[in-house]
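Within every chain, numbering begins at 1; the chains are lettered A, B, ... in the order of the sequence lines, protein sequences first and strands thereafter.
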4 protein chains.
Amino acid sequence: MSPPPRSATVPRPTLSESQKALDASVAEARRMGVSLSCAVLDVRGDLVALVRMDDASFLTVSLAEGKALSSALFGMPSSALGRMAASPFFASLNASVQNRMVPAQGAVPIVREHRVIGAIGCSGGAPPQDEAAAKAGLAAL
Amino acid sequence: MSPPPRSATVPRPTLSESQKALDASVAEARRMGVSLSCAVLDVRGDLVALVRMDDASFLTVSLAEGKALSSALFGMPSSALGRMAASPFFASLNASVQNRMVPAQGAVPIVREHRVIGAIGCSGGAPPQDEAAAKAGLAAL
Amino acid sequence: MSPPPRSATVPRPTLSESQKALDASVAEARRMGVSLSCAVLDVRGDLVALVRMDDASFLTVSLAEGKALSSALFGMPSSALGRMAASPFFASLNASVQNRMVPAQGAVPIVREHRVIGAIGCSGGAPPQDEAAAKAGLAAL
Amino acid sequence: MSPPPRSATVPRPTLSESQKALDASVAEARRMGVSLSCAVLDVRGDLVALVRMDDASFLTVSLAEGKALSSALFGMPSSALGRMAASPFFASLNASVQNRMVPAQGAVPIVREHRVIGAIGCSGGAPPQDEAAAKAGLAAL
């Protein structure tokens, strides 16, 4: 039996560039003196790469992913979800992704040729610090 | 505020060709004298189009989707999952997609340029009839 | 052994007319320049037919279904759920259907001989656009 | 108000050494010509770092984590779970971690000073390839 054909690829940042982005996020976190988890997701909201710094709690892992998920699915910074995050509509939407979205500051979309291809998000510091680390990662992409 | 950028597209059959495929599946089902649901999914396992014939039970909807999901994610006919479907490994895998996969005959992958871009699956008849309808749809793509 | 008797049919639009309705919804979406998913459900809230346009996100699939579900179960436009959507009563009701209802504008009930037999709902544009597409579909039924 | 004290650290490989391990796993995967996801977890089963290669499916992410989870919690290679994986006991245990354990070959525990401090697991190739990549990562720790 021949092996099945490979699957077509969901749009995403490459692993190599995602790792560079996460290195930049971690460097920014160290500069700020905080311990974060940061995650890069593809456009469908699936993980490409994730790091958790040595002093960061396990909770920061799912929070970093959840912020990046919000950002990837809405195509905007997770901080911009604002009032929508408290609406029944957001609750419904979140239920459709097993309530994994975290509508809080700390993630930004990754855009290439005018199309969202994923997002990078961080958690573990104050929300503006999380966003600063995510933006440092984005800048390195 | 300007609107967020559009998201890059997950590989998939177009809606137009998916509808043609489903029309062919329904025609084949009528020819066989059975009432089916049939579904076309993208490579990530999300719906592109679905039809339920007038005498088909609601259960056939999730079964058609579940067979197509198995086929899209494994890149092979759902009938070929065979022994794997009874393994703890399959159970684990299925848990990671909320147990929505249905490892039973009736779905085939959609391949383009040697890459899987989705799947079409049917439910409501005997398993070989479901597969025959799915294959009729595939042939129309 | 003779085969078991067929099940009685839950009231619903036929597949043929549901497809016509969805074609009209898609045409209206194109006219407005938006990419939507649209779904037709029966009176029990189960899918009859669903389409996702080529540029619509996977999220629009469950949102279109969820709006149509709200509309079918309440027998009114999903936009009319208004304040009820934020009430603990709605949350309880929604829990009983696995939180699949989406109480947001974009779906209208399908009525025949003074009885609700289903609903049609759309998602992917601004809420009034979603409703306009759903109504275009309803008009084609 | 002074900030709350920091939490004690759950035993784990450092982020820096986890990244080195994952680089080695990816190098071994490239050598074998397969596309994998690989994950390093701490002793509690929480992620320290994860990478998904450019052609690996989203499913490999949860499978790599799930194998590493089995390995970290049992303190043995996931291949050694053998018959236990099919037992009702394993099913119960797995239910207590939301069925996230994947009892299949591809992960090995990380031991330091005779104590398990985590695990590394891979998914995406044949099971022996997954394990070979995990072991290459372990050797780099």
Practice problem: Would you check if D:Leu63 and B:Ser96 make a side-chain contact, meaning some heavy-atom pair closer than 4.5 Å? | Solution: no
Practice problem: May I ask you to check whether over 12 heavy atoms, not counting those of B:Glu113, lie within 6.0 Å of atom CD? | Solution: no
Quiz item: Is any side-chain heavy atom of D:Leu59 less than 4.5 Å from a side-chain heavy atom of B:Val97?
Solution: yes
Quiz item: In Å and rounded to the nearest 0.5 Å, what is the CZ to CD distance from B:Phe89 to D:Gln105?
Solution: 11.5 Å
Self-check item: Spacing of B:Phe74 atom CZ and D:Ser57 atom OG [to the nearest 0.5 Å]
Solution: 9.5 Å
